[in-house]
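This one's a predicted model, so the numbers in the text were calculated from it and none came from an experiment.
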Amino acid sequence: MVEEYNFKVVEARWRDFWRKRRFFHADSNDIEKKFYYLNMFPYPSGYLHVGHGRNYIIGDVVTRFYLMRGYNILNPMGWDAFGLPAENAAIERDVHPRDWTLDNIAHAKEQFRAWGIEYDWDREVTTCLPDYYKWTQWLFLQLYNHGLAYKKRATVNYCPTCDTVLANEQVVGGVCERCGTPPVKKTLDQWFFKITAYADALLDGLKKLDGWPENVKKMQENWIGRSEGAEVKFHTENGEEIVVFTTRPDTLWGATFMVLAPEHPVIDSLTTVTQRAAVDAYRAETQRRTEIERTSTEREKTGVFTGGYAINPVNGEKIPVWIADYVLMSYGTGAIMAVPAHDERDFAFALKYGIPIIPVIERDDRRIRSVVNKADVASEFAAALRDAGIEFADDNGAFAIKLTLEDYENYLAIVRQHLQPTGWAATVGSRFAFVFSDRVIELASVHADQEIMSRLTALDPHLSAKHTAMEVLAAIPAYADLLFHTDRGTMINAGAFTGTPGEDALDKVIAWLEETGKGRRAVNYRLHDWLISRQRYWGAPIPIVYCEKCGIVPVPENDLPVLLPDVEFIGKKGLADIPGYADTTCPICGGPAKRDTDTMDTFVDSSWYYLRYISPDRDDVPFVKEDVDNWLPVDQYVGGVEHAILHLLYSRFITKALHDMGYVSFDEPFQRLFTQGMICHTAYRCPEHGWLYPHEVVDGRCPHCGRKLETYNFSMSKSKKNVVSPEEIIGRYGADTERLYTLFMGPPDRDIEWTEEGVRGAFRFLNRFWALVLSQAGRVKSAPKNINPAALDADGRALWRRYNRTVKKVTEDIEGRFNFNTAVAAVMELVNELYRYVTGEGDDALVRAVIEGLILILSPFTPFICEELWRRIGHDDAVLEQAWPTYSAAALEEETIEIPVQINGKVRARVEVPAAVGSDSEALREAVLAAPAVRKRLNGKEPIKVIAIPGKMVSIVVRS
RNA sequence: GCCGGAGUGGCGGAAUUGGCAGACGCGCAGGAUUCAGGAUCCUGUGGGGAUUACACCUCGUGUGGGUUCAAGUCCCACCUCCGGCACCA
């Protein structure tokens, strides 16, 4: 009977060992074989749960692995310690956010210690401490000095619950990212970082980031939202300029109206007296609506005519200017030219409000349709169509005619020839035309539209209810799918440009716009400048003062940091509410001045922390250029995908800005990025009593009312009461089990459910591993050091092969794929095989080699038990002092291999062949065809074809 | 609507380059041990069928087609789920 695995004793013994020996301390100057591994630092707003742990456990595995591989690895840790959640939590508990935050940090460090997760703690950074935020303020000043930080009055999103403005990126799905409240619009003077100046650089940079997940790159690309097109100048009748952005300048000739966002500044002067009341009412209504309501795609488009007109610069047409809330002030110029024939929204809007719709682009499919009432044409019409080879169908009382552009002219002639004087017909699709007995009018201009309508109403008074030709056509169901399109086809009805093919249209029109001064080529971005002002206490104060004489004055670098006033915590307020804080003197003239009372968005703090880790103790510079150039970019960055846009985009921007200012020599901060998935757990909810802890649940029912509970599988969060604390698991099974299960449960980039059964499986494995090693400890200690693979028997050679394979797999899984789950599975297989081997006689040297190697390759995953067992088999040095095991290619080779044999695509036999035969296509073919099992199967039939893949299989085709 | 990703036993997942589908673990079943329970150990475990035979047949990786000697993997069409963006001009 071997000693029982007492994880409590084992883990207590080694808990502080690695730290005391400073294994995780990185030498700044040794950059020969450096590796900068970085986990996204946590936000200490509470205690860490096992879901958070995944990220840090991965980091610890990778760090220990590279240490054993002889790297000088830097893996630092710090705290993203400023911010609203901490401030709100502090308010709730009536404590100072600093105390609350520092308490959480102390607790989290204790959690890391229990987990066996080690860092170079000498480099710890805490963003809420003055020695850090001094440099956040320094960063602000550098951006300010280079024109990348500026103040402007802007309409911004203000969260009434959080009492502060939000960056665009913090409004998710129309609500505040933190609290779910729909923000209100406010016009305020705020500080911005000019991230838009780097829009193209951020986009181009993505192409170089091979080590980043595709989806993250795509998300950033979408977020930047670059679109190419043109800006075109329109003028109102009284000469005011309205600039629009369009991606389709080739459709300008079809712009039959304009739409302005309700906030557009030109509206006031444009609106006529008669429309004033309606416009004001609509603008007030828009302001009342929330962003979600306003941007719901479901809602029918609404708008109001301003009474004013603009001139279409390409054809001089006078077109009405409307306002509508589907045009957003925050995108492009807040004004659009509406081309209803080639834009779905404009089409719906024009149809609803009776605005002419003029097609100016041919359809790609060249289809045209025409529906003709039998009563409107002479009886020979059908025969004439047939003679012309035009396809048509009889559609109760009407001819439904399908044609293409080629038949168009011919068809018009036939219709006209047979049309009754009182009849009319139309074509729809690639060409829109109305045919009357005396003439054909193409729907080529607003003027033509009016002419068509007067002819139609003369023939059919009922049609006077319709406003436009398109409205008449829209009433005929057979035309429904051909009324508008967004193809990039040949231009029509476009003056001199008529006939320009789609592929040339954009370039030609833009060139002409530039020549004639009517517009210019332009690129528009969805990305906006980064709003960084926050009206809250718990952040880095903006280092700016306002002097009556000197205006906006940056705080001199020597005066940094601008300290957060150390006051009794005042509750849900900002620095503006702290008496005396704002009063200061102007650094230039010495006169009275006021400080800026806003603090910076916490994403500013985290946008540069990876640099501070390199020079954490310097109080004269934020970082030493030479050192960051040596260590950066980060070799491997790991964090949650929820930061795909915000943190990662901001960090890339700041790095590029620092690069252009000459502070660093690299322009991307993170070489490789890995985003780990979230850990989920069952959450229970009672319709009446809300979320319940799993231990409260009685037979799936609510303990308060006995109602059946709703169960969900959500990522762990305190609010849903479905978190599992590491203390609980570590107390019951130990940190090694907790770590092993976290790594084994599934591929780390995927979301996955935490189960207690799974934890027990990991625990069982460690018990088996412990018992196995201890049972062999004596044997290992006395065994010879070197093994002679040639002298082993078949079982021994098989085990040796398995061992070498496992070393290879574990090495590759950690180094390349980050697939810790399959690495652990491979180790389990090795343990299973070793168990079988040691029950027999076996070779002592082999057992020793395999057990030693096994302990070493498992040690990054479960460091405590491995450190202990390493001593138990006779060593007195540390695991981390050992070199990572290597494998030999020779040992991987099999002596014989089993070759599956497919006959007509199905595996029908397996043939054991010597490895030398198996690796040679011709020999393999011969051997397989000669094998009795195969001959029996073939039953005398001659193979038509034999495919022999060395080392893999043989496929035989016979006539059946 | 657009852009990503995924879909494999009762469950988590494996199959990395077109080459034996289901590694490893959980769960479950049977057995051993035990006064008993737990823990531990051994054996079995995709569905259906055949058999003296674990030496057999057959179906099977969301659905329907296709390419190939061979498809979870490649191609075409579609369904479902997850994530991101969304009246973007």
Side-chain angles (χ1 to χ4, degrees), chain A residues 4 172-174 213-223 225-227 229 244-248 251 255 259 261 294-301 324-328 330-339 342-346 348-349 524-526 641-642 644-645 677 740-741 744-747 749-762 764-765 767-768 771 809 812-813 816-817 819 821-832 835 898-910 933 936 943-949 951-958:
Chain A
E4 202 172 297
V172 175
E214 256 348 280
N215 62 333
V216 173
K217 287 194 276 186
K218 209 75 207 177
M219 279 159 76
Q220 294 211 348
E221 204 181 304
N222 290 343
W223 188 263
R226 181 191 158 98
S227 56
V244 303
F245 173 78
T246 176
T247 54
R248 292 297 302 272
T251 64
V259 187
R294 182 172 164 183
T295 57
S296 160
T297 331
E298 311 301 312
R299 229 177 92 238
E300 199 186 336
K301 314 231 169 313
D325 63 6
Y326 78 87
V327 174
L328 307 173
S330 56
Y331 186 80
T333 61
I336 63 160
M337 61 175 213
V339 184
H342 304 294
D343 179 281
E344 194 177 359
R345 293 154 306 165
D346 297 346
F349 195 86
N524 192 54
Y525 300 93
R526 217 189 71 100
V641 73
E642 66 274 17
I645 296 168
L740 189 69
Y741 173 59
F744 180 64
M745 62 198 303
D749 53 345
R750 224 181 288 175
D751 290 352
I752 202 151
E753 196 190 350
W754 181 273
T755 65
E756 182 90 16
E757 290 76 23
V759 177
R760 279 206 295 273
R764 252 199 300 267
F765 169 75
N767 275 287
R768 272 165 60 77
K809 173 131 188 83
E812 288 172 355
D813 281 351
R817 300 198 310 163
N819 275 15
N821 55 325
T822 51
V824 173
V827 172
M828 286 173 168
E829 285 182 77
L830 176 61
V831 168
N832 289 344
Y835 248 101
E898 196 188 62
I899 297 288
V901 180
Q902 288 190 353
I903 294 170
N904 286 350
K906 289 198 170 104
V907 179
R908 296 298 188 190
R910 287 158 217 282
K936 191 176 152 204
I944 303 169
K945 196 170 177 184
V946 179
I947 297 128
I949 311 294
K952 298 274 192 203
M953 60 151 31
V954 172
S955 188
I956 301 169
V957 188
V958 296

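For a distance-only test at 3.5 Å, the side chain of A/K945 fails to qualify as a donor-acceptor partner of the base of B/C69.
Comparing atom distances between the A/T246 side chain and each of B/C88, B/A89, B/G25 picks out B/A89 as nearest. Listed nucleotides B/C87, B/C24, B/G4 differ in distance to A/M828; the shortest reach to its side chain belongs to B/C24. Listed nucleotides B/C87, B/A70, B/C26 differ in distance to A/Q902; the shortest reach to its side chain belongs to B/A70. Side chain of A/N215, nearest nucleotide from B/G4, B/G19, B/A89: B/G4.
When side chains are defined from C-beta on, A/F245 counts as touching A/T247, because their heavy atoms get closer than 4.5 Å. Side chains of A/T822 and A/R817 form a contact here, defined as non-hydrogen atoms less than 4.5 Å apart. Side chains of A/F744 and A/F765 form no contact here, defined as non-hydrogen atoms less than 4.5 Å apart.
Taking a 6.0 Å sphere around CD of A/E344, one finds it holds 12 or fewer heavy atoms contributed by other residues, nucleotides or ligands. Residue A/E642 places its CD atom among more than 12 non-hydrogen atoms of other residues, nucleotides or ligands, all under 6.0 Å distant.
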**Asked** Passes side chain to side chain contact (heavy atoms under 4.5 Å, CB included), A/I947 versus A/Q902? Steps please.
**Response** CA-CA 10 Å; A/I947 297 128; A/Q902 288 190 353; over 6 Å; no

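In this model, the phosphate group of B/C88 is approached by a side-chain N or O of A/R345 to a distance below 4.0 Å at OP1 or OP2. Residue A/R764 places at least one side-chain N or O under 4.0 Å from the OP1 or OP2 atom of B/G27. Listed pair A/N904 / B/A70 fails the phosphate criterion, with no side-chain N or O lying under 4.0 Å from OP1 or OP2.
Looking at A/N222 and A/R526, their side chains never bring a donor and an acceptor atom within 3.5 Å of each other.
Using a 4.0 Å heavy-atom cutoff across all strands shown, A/M219 reaches sugar-phosphate atoms only and no base atom. Backbone-only engagement by A/N832 is indicated by non-hydrogen atom pairs under 4.0 Å involving sugar-phosphate atoms exclusively.
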For nucleotides 6-14 of chain B, give me every protein contact, N/O to N/O, under 3.5 Å, one pair per line with atom names.
residue: B/G12; atom: O2'; partner: A/M745; partner atom: O; Å: 2.8
residue: B/A14; atom: OP1; partner: A/N821; partner atom: ND2; Å: 3.3

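One interatomic measurement links the two molecules: CZ of A/F245 to C1' of B/C87, which rounds to 16 Å at whole-angstrom precision. In this structure, the CG atom of A/D749 is 14 Å from the C1' atom of B/C82, given to the nearest Å. Here the C1' atom of nucleotide B/A86 and the CG atom of A/N222 are 10 Å apart, to the nearest Å. If you measure from atom CD of A/Q220 to atom C1' of B/G4, you get 14 Å, rounded to the nearest angstrom.
B/A23 and B/U45 have their P atoms separated by 10 Å, with the value rounded to a whole Å.
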